[in-house]
2 protein chains.
Amino acid sequence: MTESTEGQARRLYFEDLEIGRRFQTGSVVVERDAIKRFAADFDPQPFHLDERAAEGTFFGGLVASGWHTAAITMRLLVTSGLPIAGGVIGAGGEMVWPKPVYPDDELTVGVEVVASKRSASRPDRGLVTVRSETRNQNGEIVQVMTARLVVPARDGAGAGTG
Amino acid sequence: MTESTEGQARRLYFEDLEIGRRFQTGSVVVERDAIKRFAADFDPQPFHLDERAAEGTFFGGLVASGWHTAAITMRLLVTSGLPIAGGVIGAGGEMVWPKPVYPDDELTVGVEVVASKRSASRPDRGLVTVRSETRNQNGEIVQVMTARLVVPARDGAGAGTG
């Protein structure tokens with residue numbers, strides 16, 4: 001996996017994540033060997049492990065595990081997309097994989113804040129819902145994920161921090 | 001990661017996955033080094049990478065990435081839980097992580113079929129929804145996932161196969 005950009009921007013707090021705000025990550029090329037390594041560890045099925053074995057399957061060829069796509073999406077968000085103070089901490093979410101990821105696909109992620117709610121019991125933090133679209137080099141969507149993130153509030157973080 | 005059971009049961013088709021049917025996987029111990037390796041590759045944040053750095057964070061100590069928990073859950077389903085003909089092929093799903101996974105936690109997954117629908121356009125397959133609960137050695141739920149799987153039908157698979 002190689003990353004074309006890996007920015008380190010200003011850290012963001014709950015107050016910064018207004019609904020409609022968008023972010024764009026760098027990109028990652030998903031190498032053939034990385035697909036097989038991930039599969040060997042976590043999703044050892046023929047269509048993720050071996051080109052020849054994959055031919056007779058649902059996919060008709062080698063494709064990345066959807067969990068690999070999800071993990072790469074997370075890497076892009078953490079390293080170049082969502083510089084959230086306190087980190088990118090997910091409470092859960094939902095996802096679809098409309099198309100497979102093939103060897104040497106180059107993935108990038110666009111994110112949009114779609115909901116935001118300060119915690120009533122813990123006003124020093126909020127729950128921010130983001131919708132991410134992971135696309136390949138042809139602009140085709142390979143994963144859509146809606147995730148709920150726990151985000152610290154600036155006004156709860158103490159003056160001078162962040 | 002070590003697995004205590006890794007069964008190779010009879011392959012299951014759409015017709016076998018009646019609503020309410022349950023499966024139980026083997027178990028996996030999530031080793032400290034595996035947590036850090038996964039994080040270095042896919043979720044490089046202090047609370048997944050380093051004990052000392054994790055102390056001052058939301059989690060207060062080293063925990064596994066939620067995506068690592070999801071990937072381990074997939075491994076357990078593929079290798080010992082859901083012997084589906086054609087493989088475990090997810091179209092999408094949703095998940096929550098109610099509790100973190102800590103170093104040396106031992107995880108196991110229980111799965112239940114919660115919905116089932118034969119494809120109208122492709123009657124040789126169906127969409128089966130399963131709900132999986134990933135639990136640690138204390139019986140605490142660390143992940144709940146509801147996933148939609150594409151499953152081949154026996155009567156569309158040709159006589160004598162499977």
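A note on names: the letters A, B, ... follow the listed sequences, proteins ahead of strands, and every chain is numbered from 1.
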For this session: Give the member of A:Val144, A:Leu77, A:Thr146, A:Val88 that has the highest number of heavy-atom pairs under 4.5 Å with chain B.
Result: A:Val88
For this session: Let me know if A:Val150 has heavy atoms under 4.5 Å from chain B in its side chain, its backbone, both or neither.
Result: side chain
For this session: Give the minimum heavy-atom separation between B:Gly81 and B:Thr25, together with the two atoms involved.
Result: CA-CG2, 3.6 Å
Name every donor-acceptor pair, under 3.5 Å, that has one atom in a side chain of residues 89-96 of chain B and the other anywhere in the protein, sequence neighbours excluded.
none

Considering only distance and modelled atom types, tabulate donor-acceptor pairs under 3.5 Å from the side chains of residues 46-56 of chain A, sequence neighbours left out.
| unit_1 | atom_1 | unit_2 | atom_2 | d |
| --- | --- | --- | --- | --- |
| A:His48 | ND1 | A:Val63 | O | 2.8 |
| A:His48 | ND1 | A:Ser65 | N | 3.4 |
| A:His48 | NE2 | A:Asp43 | OD2 | 3.3 |
| A:Asp50 | OD2 | A:Arg52 | N | 3.1 |
| A:Asp50 | OD2 | A:Ala53 | N | 2.8 |
| A:Glu51 | OE1 | A:Lys36 | NZ | 3.0 |
| A:Glu51 | OE2 | A:Arg32 | NH1 | 2.6 |
| A:Glu51 | OE2 | A:Lys36 | NZ | 3.1 |

Exercise. Does the gap between the ring centers of B:Phe59 and B:Tyr102 come in under 6.0 Å?
Worked result: no
For this session: Give the member of B:Pro98, B:Gly66, B:Gly87, B:Ala39 that has the highest number of heavy-atom pairs under 4.5 Å with chain A.
Result: B:Gly87
